[in-house]
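The sequence lines fix the lettering, A, B, ..., with proteins before strands; numbering per chain opens at 1. Values below: every heavy atom of this structure, side chains too, minus hydrogens, waters and symmetry copies.
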Amino acid sequence: MSLIQELTNRDKVFEFLVPAQSPVDVRHGPILYLEGVNVSFDGFRAINNLNLTIDDGELRCIIGPNGAGKTTMMDIITGKTRPDTGSVWFGSRHNLLTLSEPDIASLGIGRKFQKPTVFEALTVFENLELAMATDKRILPTLTAIMTTEYRDRIDEVLEIIGLKELRLALAGILSHGQKQWLEIGMLLMQKPRLLLVDEPVAGMTEQEMERTAELLTSLAGKQSVVVVEHDMGFVRSIARKVTVLHQGSVLAEGSMDQVSNDPEVIKVYLGEEA
Amino acid sequence: AEDPIKVGILHSLSGTMAISESTLKDTMLMLIEKQNKAGGVLGRQLEPVVVDPASNWPLFAEKARELLAKEKVDVIFGNWTSVSRKSVLPVIEELNGLLFYPVQYEGEESSENVFYTGAAPNQQAIPAVDYLMNDIGVERWVLAGTDYVYPRTTNKILETYLKDKGVAAGDIMINYTPFGHSNWQAIVSDIKAFGSAGKKTAVVSTINGDANVPFYRELGNQGIDAADIPVVAFSVGEQELSGIDTAPLVGHLAAWNYFMSVESDANYDFIDAWVAYSGNEEAVTNDPMEAHYIGFNMYIEAVKKAGTTDVDAVKDAIIGVAVPNLTGGYATMMPNHHITKPVLIGEIQDNGQFSVVWETPSTVAGDAWSDFLPGSKDLISDWRKPLFCGNFNVVSGTCGGKAKAAAE
Amino acid sequence: MLRIDKLNQYYGESHTLWDLELDVPQGQCTCVMGRNGVGKTTLMKCIMGEESVKSGSLAFASDVELTQKKIEDRARLGIGYVPQGRQIFPLLTVEENLRTGLAVRKDGCKVIPARVYELFPVLKEMRHRRGGDLSGGQQQQLAIGRALVIEPRLLILDEPGEGIQPNIVAQIGEVIRKLIEEDGLTVLLVEQKLPFARKYADRFAILDRGRRVAEGEIAGLTDELIKKHLTV
Amino acid sequence: MWLTRPLQERSTRIFLGVLFASLVIVSVLHVFIPQDSALYVSSYTITLLGKYLCYALLAVAVDLVWGYLGILSLGHGAFFALGGYAMGMYLMRQIGDRGVYGDPMLPDFMVFLNWQELPWYWLGFDMAWFAFIMVLLAPGILALVFGFLAFRSRVTGVYLSIITQALTFALMLAFFRNEMGFGGNNGLTDFKDILGFDLRTDATRLGLFIATGIALAIGYLICRGIVTSKLGRVSIACRDAEARTRFLGYRVERVQLFVFVVSAMLAGVAGALYVPQVGIINPSEFSPLFSIEVVVWVALGGRATLYGAVIGAILVNYGKTVFTGIMPDAWLFALGGLFVLVTVFLPKGIAGLLFKPKKAKDAGNTLPEQEATA
Amino acid sequence: MGITRLLSHPLLAFFLLCPGLSQAKVEDSEAQKLLTTLAESSFAEKKEVVNQIAGSGDERARGWLESYASNKLGRIESSGQFIIVLENRGRDWTVESALTGENLGEISRRDIDTIRVNNALRNELESILSVIDLKSPDEDNRLSAARALKGSVDGTLAERIPELIETEESASVQAALTEALAIYKVEEQGDVAAVATLSGSLNSEARAALQQAMRSDDAALVAAATEAMASIEQKLTLNRAAETLYFGLSLGSVLVLAAIGLAITFGVMGVINMAHGELIMLGAYTTWGMQQLLPGQPGLALLLSIPAGFLVAALAGVAIERTVIQHLKGRPLETLLATFGVSLILQQLVRTVISPLNRTVITPDWMSGSVMINEALSLTLNRLYVIGFALVVFAGLMLIMRKTRLGLEVRAVTQNRAMARSMGIKATKVDILTFALGSGVAGLAGVALSQITNVGPNLGQSYIIDSFMVVVFGGVGNLWGTLLAGMTLGTINQLLEPWVGAVLAKIMVLVFIILFIQKRPRGLFPQKGRAAEG
Ligand SMILES: Nc1ncnc2c1ncn2[C@@H]1O[C@H](COP(=O)(O)OP(=O)(O)OP(=O)(O)O)[C@@H](O)[C@H]1O
Ligand SMILES: Nc1ncnc2c1ncn2[C@@H]1O[C@H](COP(=O)(O)OP(=O)(O)OP(=O)(O)O)[C@@H](O)[C@H]1O
Ligand SMILES: [Mg+2]
Ligand SMILES: [Mg+2]
């Protein structure tokens with residue numbers, strides 16, 4: 001009897017049915033762990049024996065010259081680019097190199113692209129709706145209903161990103177900065193464990209930068225955030241720990257002050273006056 | 001005056017078949033015009049109704065229905081491909097229309113409402129093979145065709161026929177190609193190899209339409225001439241030749257029931273009329289045109305005989321009607337709705353014409369059901385009462401599906 | 001160099017630029033500022049001809065009326081454009097990207113001016129790589145380099161520092177100054193970053209909701225103005 | 001329910017209203033008006049209308065994948081034809097021993113090509129339920145296998161279009177082969193009855209016409225339901241930025257596969273209804289040019305609207321019927337000219353003329369287009 | 001075989017021993033009688049009469065026989081006068097008197113009875129005419145006559161041949177005669193020594209002789225023949241492979257030609273040009289038109305058609321671009337719809353203006369026939385030219401796209417039109433030029449195809465689908481890809497064809513394309529990396 005009950009229990013999920021979606025194991029500290037990663041494109045080494053560890057709940061800034069491999073690194077983490085060698089782990093359970101992009105995304109890694117990419121033929125509202133953390137399989141998506149709970153959540157985010165008035169505008173007509181915000185909004189809707197943010201403040205005014213900084217710092221702790229940015233003012237305002245990439249590997253790592261006084265970093269990246 | 005007699009013309013004027021069919025439309029218009037000048041028939045004028053089924057088979061059925069149901073035509077002249085005929089057949093039968101079908105075909109059909117004025121396989125293929133075997137001494141055979149029903153059936157019939165005549169299976173090579181096939185290199189090279197075994201070899205070609213030009217070109221270029229390996233074609237007529245540079249093809253053969261080069265007065269008159277009608281000195285005539293000529297005249301005669309255009313009356317009246325053909329003889333409508341025809345073999349000339357090298361001593365009656373196919377050798381067709389059956393099985397003494405359908 | 005008068009622009013129904021007036025004096029760097037979505041990029045596109053204007057005039061070099069000219073003719077007049085979002089040709093190599101600019105050069109020069117490569121050595125290094133394969137910052141450098149190839153008289157830069165590493169941003173600033181001073185180039189700059197604007201621009205103009213709300217020497221860019229128009 | 005959601009839309013209500021009203025009016029005019037009246041709708045017209053409706057359903061299926069998923073399928077004719085063949089095989093088996101050779105098992109073409117027994121894939125088609133399931137399954141499974149392969153390897157844009165074209169072309173050549181056992185070029189014809197009703201009677205014709213109308217309504221609802229659901233928005237997302245959608249956690253290839261299979265099945269149903277009404281199915285339905293033409297109907301009617309597809313299909317085919325009759329020599333000029341003019345002057349198709357869509361969802365440059373330029 | 005029969009005839013001796021035909025002339029009445037017998041006898045009897053005419057030694061005999069062979073010897077019904085037809089097209093024919101050679105002007109076909117000839121007789125006639133060639137002063141004629149002897153030598157001739165070999169100057173004719181003799185020896189006498197001569201010969205008669213020898217009882221003969229045969233088989237396999245490769249390349253080059261214009265308009269510009277096939281058709285019709293303008297000079301007309309075809313198609317392309325495509329900027333998919341319409345219009349236009357029937361395009365002499373590499377392998381000339389032409393066109397296009405600004409500019413314009421214009425590129429001009437170029441190349445393809453296939457309204461349709469396949473298979477936007485794709489598909493097709501037949505081969509090629517695209521979703525030469533995802 002109890003066996004039957006157990007078998008028919010609707011809440012029960014069989015072990016074999018729950019592979020990839022299982023929670024991220026962060027008992028050992030790091031949420032993201034890259035070791036010995038190498039990538040080359042047609043002989044050009046974009047990532048060169050890269051080692052990087054991000055702790056759970058950490059807010060990490062990554063800086064480095066153009067072409068240092070920051071975006072490529074994010075591509076590797078999100079499964080867009082496959083490294084030639086090396087290993088990438090999410091928590092201590094998930095080997096990201098074996099997973100596809102949607103799998104990685106549903107594990108809880110969200111990403112904002114360097115060049116803002118939103119769904120131009122959909123409205124701002126719909127963009128956020130699609131990003132929302134829900135069951136993303138086919139049939140649930142087909143039968144999904146817009147509940148007030150969801151709606152409130154979207155409104156909330158719209159508020160944060162300041163696009164409330166444009167909620168019904170097509171995303172395609174947004175200005176560059178507005179798209180940046182929308183993408184951040186989509187990231188928020190996704191509620192990921194790990195946020196990868198590529199140049200969030202490009203094209204924003206000083207004040208918007210401040211708001212973004214606040215937003216990101218407020219997320220840290222609950223979620224882990226990796227920020228790539230070239231605006232030193234912004235980096236300084238949020239940074240706890242900074243990693244400098246150069247030619248595909250880590251050049252320096254430490255607090256903002258440590259890093260910005262590193263002569264090597266000044267030479268290849270900051271320039272004399274920064 | 002009374003209402004005109006409406007003549008539906010159902011030939012493709014666009015699409016892939018326009019190349020062959022559009023001249024038949026003009027032929028019909030010419031015949032109708034001529035008949036009208038001669039006072040029409042039964043004191044009524046004839047009125048053509050032209051539609052374009054656009055080489056699209058379902059559209060053929062639709063247009064046939066339009067002609068019969070909407071335009072209320074008294075008779076339809078039309079179709080070229082077998083599939084288009086198959087497509088309109090149920091419509092013609094359902095609405096009890098009359099269809100004159102002018103093209104040589106694979107046989108295996110006999111409908112109460114259709115009159116087959118083109119050749120059945122026994123009026124084209126068999127005599128041609130006889131000629132090759134007896135007069136040319138061919139011992140090895142290539143049966144090359146486009147992959148559709150007419151070549152398939154014809155080749156099946158010929159295969160049985162040849163084997164009956166003692167040709168070994170190894171001496172028959174069968175090859176099918178898709179519609180519009182244009183790359184004949186490998187096949188022609190195979191034919192060449194097949195033909196170099198020391199026995200006289202011939203190709204029986206049921207290659208259709210556009211595929212012929214590249215085929216003959218390749219033959220010419222690979223140096224196969226008619227003296228070595230003659231090709232006898234069942235689908236290449238004057239009209240097809242008018243698109244080919246015939247110089248390298250001289251001597252290849254075709255089997256038809258009519259050639260433009262036939263030396264008869266009826267033919268010369270027909271050619272003159274056609275040249276005048278089309279306004280083109282170079283215009284050519286061909287076998288399906290003759291078929292329409294015969295079919296049209298038979299229809300006129302039948303209407304005169306019946307004294308009405310009522311379909312059933314015409315159907316009855318037309319059996320046994322004989323009209324002159326263009327080769328100097330007469331064509332008679334047989335009870336199986338096929339007609340009698342002479343069979344001619346012609347050799348291609350450098351002027352795009354055929355010169356007749358052989359002909360049957362008398363006309364041959366078309367056979368709806370082939371004697372060389374196991375499924376149909378026991379079937380006959382006779383649309384005279386009391387038999388009135390298109391597929392009467394002489395062994396079991398029953399009339400195919402018809403009788404059963406009626407019994408239900 | 002460029003005088004904009006009573007410019008009105010619409011995206012379909014929505015009125016984006018309102019009676020806009022702006023002076024871009026010869027041999028100076030004028031910086032346009034404003035919050036997101038106020039119409040800065042739109043204005044640049046109007047000058048370049050990528051968006052059509054409803055009314056108003058764009059007088060170039062005191063006598064040429066731009067509104068009637070085709071885009072390519074504006075380029076031929078010597079307007080170089082570095083658009084927002086880089087707009088490089090992704091499938092052309094870096095070198096080919098640069099060579100597109102040779103079409104309009106009056107001197108019929110067939111090679112890419114050495115200056116471009118000097119300024120952005122990375123472009124020389126990656127000459128044969130496809131534009132789309134470059135990193136974001138490299139693309140931005142390519143976009144600027146490409147505009148320089150045509151040796152423009154007026155250079156329009158829409159947020160040129162975006163995504164570029166700090167030392168190169170500074171370098172770009174220096175180059176702008178140098179070109180202005182040595183070649184008498186006129187620059188129209190869209191920039192959000194105050195320090196950069198303050199350091200390299202001569203004049204400023206602030207847009208708000210499609211209108212010009214302030215204008216003047218860069219020294220006159222007070223905190224008050226900033227607070228009023230550039231803060232959300 | 002996702003299926004009823006579209007009923008809240010004005011456009012869907014209008015569409016279904018017009019459709020059902022036409023069905024009723026046509027039926028009434030056919031049944032109750034005397035034959036000699038000018039208002040009488042003949043069974044010829046009914047069959048014609050039925051054919052248009054089949055094409056309309058096919059066009060809706062194409063619009064679903066093209067308009068909303070960005071997959072320009074140049075091979076939807078294949079699914080249509082497969083559905084048609086499934087139905088054709090059923091109808092052939094229904095002939096029984098009424099064929100010309102009177103063979104109770106083998107269709108005529110098999111008898112005269114000397115086949116001894118029914119090939120295995122013909123088995124079961126004498127049962128209506130089996131045939132009707134195959135109408136859905138045959139195109140569905142083909143779409144599933146083909147789509148699985150293609151979407152898994154991320155074939156997109158023109159590459160996908162061309163391989164769909166290759167698919168239908170290959171099938172056409174295969175079906176032309178007489179060895180395949182589908183009647184070769186002559187196809188399947190001379191059907192007698194369906195579900196026991198004689199195909200030649202007006203009542204059966206009317207029934208088929210109404211059935212097609214209902215199928216179109218249901219197909220439209222299904223498509224509309226998908227389109228208005230979140231899945232529909234995900235489809236648009238896939239269409240415009242496939243990679244981005246993936247990073248949001250959607251399995252793009254499954255979305256594509258699902259919609260593609262649904263669309264293929266709808267096309268199959270359209271084909272199945274088409275065959276008994278036109279009376280023939282032959283490999284030319286597999287012709288790539290036919291599939292391209294379907295795309296043209298959709299574009300002409302207005303892409304990514306669904307009702308546009310219906311309008312386009314009906315209009316073009318009506319035009320064909322009329323012009324091939326009244327100007328047989330020159331109708332291609334008219335048709336070709338129509339295509340050119342509509343594209344140049346009505347970028348949103350005819351639907352764009354009728355309704356000004358609130359949101360220009362179809363405005364975005366879609367994936368295949370970008371591919372084409374890439 | 002025809003020759004064998006003839007060789008036993010006393011006539012042969014006459015031909016082989018006399019230095020040339022005699023200059024005699026028989027009486028006209030005699031001639032009239034001979035011709036009358038020819039006209040009135042049955043086919044079987046005609047053979048005899050033909051030999052009599054040939055044997056008569058009349059200097060006009062050759063002319064009579066020649067015109068008889070080509071069905072141009074006739075008789076005027078009313079007067080019974082024998083004539084030779086000079087021009088036999090249309091309803092009135094130009095004729096001259098067979099006896100006097102006097103031109104009689106045009107006579108209605110109704111009044112002329114042509115004397116019927118058939119294949120068997122024509123064989124006979126040709127043999128008579130060709131044996132004369134063994135003594136011909138022209139080396140090529142002698143060579144072909146000698147080759148024709150292979151397998152048809154009989155006892156009488158076998159004795160003569162050594163003599164002929166001796167007097168022969170040309171080595172190749174000598175070799176052919178030697179081989180002919182060896183075949184005779186192996187076949188009739190089982191001569192082991194002669195087997196060596198045949199070793200390695202690719203002649204089919206030689207093979208037949210060896211095969212016969214292998215079946216004989218003489219062990220030595222069998223051994224020698226088996227060995228010779230083995231070497232032949234090996235050579236043959238090689239030749240067959242070479243032939244297949246040639247077929248493949250030639251099919252491939254047709255595909256490349258048809259597709260390469262599309263690789264520009266579609267691959268580079270992004271216009272899905274469904275009217276591409278019709279542009280090809282225009283090129284082909286231009287060739288036909290040229291030949292109509294220059295009757296009697298098909299070769300010159302063909303050469304002139306190359307620029308003309310390019311021009312006609314390019315102009316048509318410009319017209320299409322200006323009227324239709326320019327309005328569809330940024331909506332490349334819609335170009336499919338509009339150009340589909342254009343293609344329908346063009347097809348029907350040709351049908352109404354010219355004719356729904358195919359047109360005859362004549363192949364000039366220098367393009368017909370084949371070059372013989374060896375007796376088992378000859379390459380058809382028209383295809384050889386087409387391969388060369390395809391490569392030249394490809395190279396030319398490559399040069400234009402790589403070395404001129406147009407190539408760069410068109411790519412810039414298609415990738416980002418607004419930006420390209422901002423760089424000062426005249427986008428409209430670039431569009432027109434590029435579309436004209438792509439269309440013009442399609443026209444060139446048409447000129448070439450007119451030598452291979454039908455010139456008719458359906459020409460375009462038969463190539464459009466293949467063209468798209470080739471371009472896409474090669475990787476859109478990559479000219480090298482198009483070249484390689486065309487050649488690969490062509491070769492695969494020809495490799496498969498002997499195995500599975502033409503239909504299945506085509507199906508398999510299509511399936512191959514489908515599967516290949518799964519493996520490489522962006523064709524043979526894909527655009528890789530970030531750039532492609534753009
Ligand atoms: N597909 C590719 N093919 C060739 N080179 C590539 C490719 N992708 C990236 N690269 C090169 O790899 C290097 C790293 O690029 P990446 O985009 O990761 O830099 P980045 O650190 O994000 O720079 P930025 O700060 O400018 O955005 C660059 O030099 C770039 O040109
Ligand atoms: N194609 C378009 N159609 C309709 N509206 C548009 C279009 N492009 C831009 N807009 C709207 O016009 C306004 C101005 O846009 P613009 O890109 O000029 O802003 P911006 O000042 O450059 O902003 P940013 O600092 O973010 O780059 C925005 O509100 C935007 O939503
Ligand atoms: Mg980057
Ligand atoms: Mg902007």
Verify the neighbour count for atom [atom1] of [X]: are there more than 12 heavy atoms of other residues, nucleotides or ligands below 6.0 Å?
X: M180(D); atom1: CE; result: yes
X: K426(E); atom1: NZ; result: no
X: Y318(D); atom1: OH; result: no
X: K329(E); atom1: NZ; result: yes

If you tally heavy-atom pairs under 4.5 Å against chain D, which of [options] wins?
options: T339(E), L336(E), I507(E), T335(E); answer: I507(E)
options: T352(E), V342(E), L504(E); answer: L504(E)
options: H327(E), Q348(E), Q461(E); answer: Q348(E)
options: L328(E), V324(E), V503(E), I465(E); answer: I465(E)

Atom [atom1] in [X], atom [atom2] in [Y]: separation rounded to 0.5 Å?
X: R351(E); Y: D329(D); atom1: CZ; atom2: CG; value: 10.5 Å
X: I292(D); Y: S343(E); atom1: CD1; atom2: OG; value: 9.0 Å
X: L337(E); Y: E293(D); atom1: CG; atom2: CD; value: 11.0 Å

query: Passes side chain to side chain contact (heavy atoms under 4.5 Å, CB included), L349(E) versus F333(D)? Steps please.
result: CA-CA 8 Å; L349(E) 200 68; F333(D) 292 125; 3.7 Å; yes

query: Most heavy-atom pairs under 4.5 angstrom with chain E, which of R154(D), Q165(D), R152(D)?
result: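 Sorted descending by pairs with chain E, the first entry is Q165(D).
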
Donor-acceptor pair, side chain of Y159(D) and main chain of V476(E), under 3.5 angstrom: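 Yes: the side chain of Y159(D) pairs with the backbone of V476(E).
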
field: Heavy-atom proximity to chain E below 4.5 Å, by part of A243(D)
entry: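 For A243(D), no heavy atom lies under 4.5 Å from chain E.
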
message: Under 4.5 Å from any heavy atom of chain E, what part of V342(D) do you find: side chain, backbone, both or neither?
response: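 Nothing of V342(D), per the 4.5 Å heavy-atom cut-off to chain E.
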
Atom group of M274(E) that falls short of 4.5 Å from chain D, counting heavy atoms: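 Contact with chain D: side chain only.
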
- prompt: Between N416(E) and chain D, which part of the residue has a heavy atom less than 4.5 Å away: side chain, backbone, both or neither?
  reply: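 Neither part.
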
message: Walk me through whether F473(E) and I162(D) qualify under side chain to side chain contact (heavy atoms under 4.5 Å, CB included).
response: CA-CA 9 Å; F473(E) 181 70; I162(D) 294 298; over 6 Å; no

- request: Would you name the heavy atoms of T343(D) and A338(E) that are closest together and state the gap between them?
  value: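 Distance-wise, the nearest heavy atoms are OG1-CB, 3.6 Å.
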
Verdict with supporting geometry, T323(E) and V340(D), side chain to side chain contact (heavy atoms under 4.5 Å, CB included): CA-CA 9 Å; T323(E) 50; V340(D) 173; over 6 Å; no

field: Heavy-atom contacts under 4.5 Å, residues 511-521 of chain E to chain D
entry: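 Near chain D, by residue number: I513(E), I514(E), I517(E), Q518(E), P521(E).
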
- request: Carefully, step by step, assess V158(D) and F266(E) under the rule side chain to side chain contact (heavy atoms under 4.5 Å, CB included).
  value: CA-CA 10 Å; V158(D) 284; F266(E) 169 60; 3.6 Å; yes

